[in-house]
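Read through the structure below, which is laid out as structure tokens, and then see the notes.
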2 protein chains.
Amino acid sequence: MTRKIPDSTVRRLSHYLRSLEGFQEPGGTVSSEELAARGQTTAAQVRKDLSHFGSFGKRGLGYRVDELRAHLRSILGIDRRWRVALVGAGRIGLALFEYPAFRARGYDCVAIFDPDPEKVGTVRAGLVVHDPSGFEDAVRDLGIELVILAVPEGAAQEMAGRAVEAGVKGILNFAPIRLNVPPLVPVEDVNLVMELEALSFAITQAGHEE
Amino acid sequence: MTRKIPDSTVRRLSHYLRSLEGFQEPGGTVSSEELAARGQTTAAQVRKDLSHFGSFGKRGLGYRVDELRAHLRSILGIDRRWRVALVGAGRIGLALFEYPAFRARGYDCVAIFDPDPEKVGTVRAGLVVHDPSGFEDAVRDLGIELVILAVPEGAAQEMAGRAVEAGVKGILNFAPIRLNVPPLVPVEDVNLVMELEALSFAITQAGHEE
DNA sequence: CGCGGCTTGTGAAAAACTTCACGAATGTAG
DNA sequence: CTACATTCGTGAAGTTTTTCACAAGCCGCG
């Protein structure tokens, strides 16, 4: 039933879920048209996206809000909780770890690692900072499945390799390099400079356009 | 020459630029093959991407590193400096503003706004935090062109509207909503929860795959 | 100068993704 | 019960993006 899902579809599924959570009456229904209106897409796209995973709507009626919400959670793999470790206790990493939306969405911050001796032993975001030497043990003992990798560029590949070796299942990578990991371990890259560059490109381009 | 550039192309251009900066001898040359190797793409894709903007290479030789670098900077619109304001002095916004890579890439942080009376007047990331009431004046007086919008969901649309009205040219949006702005003003969305969801989707999916 | 080894730039082919359009369900009203 | 107004699910058509393949250009060497 589910073969190769476009990346863009997954992003939209997240959007749909977020839209559904904005609804007041969870017992109500919503049409593909309404769902498309929030979310900058079309009704056909909404239906096509969902059809990859099953038939969740009722013809003539639409989708039941609470039902679709549950389906989306299950599809996105957040009908459970995930144990997340932060590697790199810099400003950005810590800011993320304290971001309440993460926990609300099913992601539990369980450990922080940083090699800086000044940070090791101190408490950040409610957790003691550990030296990376203990990383592998922690992955096993705490059941860490996801890693937020927010270390300097030079250390990213090494820590990614160790994470994979230790059995981590996915990496959210903030370092501006393409990590070399086995294809079974998904990596999501977040590159904020790149986002700004996309902005200045679009602005500059608007001038050249005709 | 430049019509409709795919979004994915722009992202790759950023990557190419970053790869080029890793080179030691700026007088040397690089082939599309080498550039593709870093960056998770193909040589043909590199050439196609660049061909949208001109012919920068020499057949039989490749691209001159320093030359291509300059071209990419110009294409991405970072052969100049941009004046950026932070709206929302929360943890994430501040962490970004202190991120040294921004300045290094041509983005200058020039002002911070936040309505919290406890923050107004204090110094963060080297700048005094101002109340948003002075936002429009600051845009004009400081020549602010880009806004990093890192406010709570509820305030995002209002501040986006004010930014556009004040003449801001682009918005980097961290709020998890689609901003409603005129199509001439580009918006880049950064949604970290969505990135994590893409990860757990990929992990979960790997199980269902067959 | 002419030849051979490379590597670009680019139409054309292939693949991926989105939009269209319509049959099939579903609920409502008369 | 039938007619009607909706709205989903989905193959087919259309569009966009990627990949392919090859002619054309460049360099070095004899």
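Order of the sequence lines fixes the chain letters, A, B, ..., with proteins taken first and strands second; residue numbering starts at 1 for each chain. Just so we're clear, the structure is a prediction, and the values are computed from it rather than from any experiment.
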Any chance you could lay out the side chain to side chain contact (heavy atoms under 4.5 Å, CB included) test for A/L72 and A/F53, step after step, and finish with the verdict? CA-CA 9 Å; A/L72 285 173; A/F53 304 94; over 6 Å; no
Expressed as a whole number of angstroms, how long is the span from B/L50:CG to D/dT19:P? 15 Å
For atom NE2 of A/H52 and atom P of C/dA16, their distance in whole Å: 12 Å
Among the nucleotides C/dT10, C/dC20, D/dG11, whichever has the atom closest to the side chain of B/K48 is C/dT10
Please confirm whether the shortest side-chain N or O distance from A/R59 to OP1 or OP2 of C/dA24 is below 4.0 Å. no
Could you tell me how far apart A/I5 (CD1) and C/dT18 (P) are, to the nearest whole angstrom? 11 Å
Tell me whether the OP1 or OP2 atom of C/dC17 has a side-chain N or O from A/T9 closer than 4.0 Å. no
Protein-nucleotide distance (A/F53, atom CZ; D/dG9, atom P), rounded to Å: 14 Å
What's the NE2-P distance between A/H71 and D/dG9, to the nearest Å? 10 Å
State which of D/dT17, C/dC17, D/dT10 makes the closest approach to the side chain of A/S8. C/dC17
Would you indicate, yes or no, if C/dT8 has its OP1 or OP2 atom less than 4.0 angstrom from a side-chain nitrogen or oxygen of B/S32? yes
Write down the distance between NZ (A/K4) and P (C/dA15), rounded to a whole number of angstrom. 14 Å
A/L61 or A/T42: which one's nearest nucleotide on DNA chain C is closer to the 5' end? A/T42
What integer distance in Å separates B/L68:CG from C/dT8:C1'? 13 Å
Step by step, work out the side chain to side chain donor-acceptor pair (under 3.5 Å) result for A/R38 and A/S19. CA-CA 7 Å; A/R38 318 148 188 258; A/S19 296; 5.3 Å; no
State plainly whether the residues B/E136 and B/R162 are in salt-bridge range, i.e. N to O under 4.0 Å. yes
Comparing nearest nucleotides in DNA chain C, the 5'-proximal residue of the pair B/G62, A/K58 is B/G62
Measure CZ/B/R64 against P/C/dT8 and give the value in whole Å, please. 15 Å
Does a side-chain N or O from B/Q45 land closer than 4.0 Å to OP1 or OP2 of D/dT17, or not? no
Is any side-chain N or O of A/Y63 closer than 4.0 Å to OP1 or OP2 of D/dT6? no
Are B/R140 and B/D137 close enough for a salt bridge, meaning some N to O gap below 4.0 Å? yes
Among D/dG9, C/dT10, C/dT7, the one nearest B/S51 by side-chain distance: C/dT10
So, does A/S200 use its side chain to make a donor-acceptor pair with the main chain of B/L76 at under 3.5 Å? yes
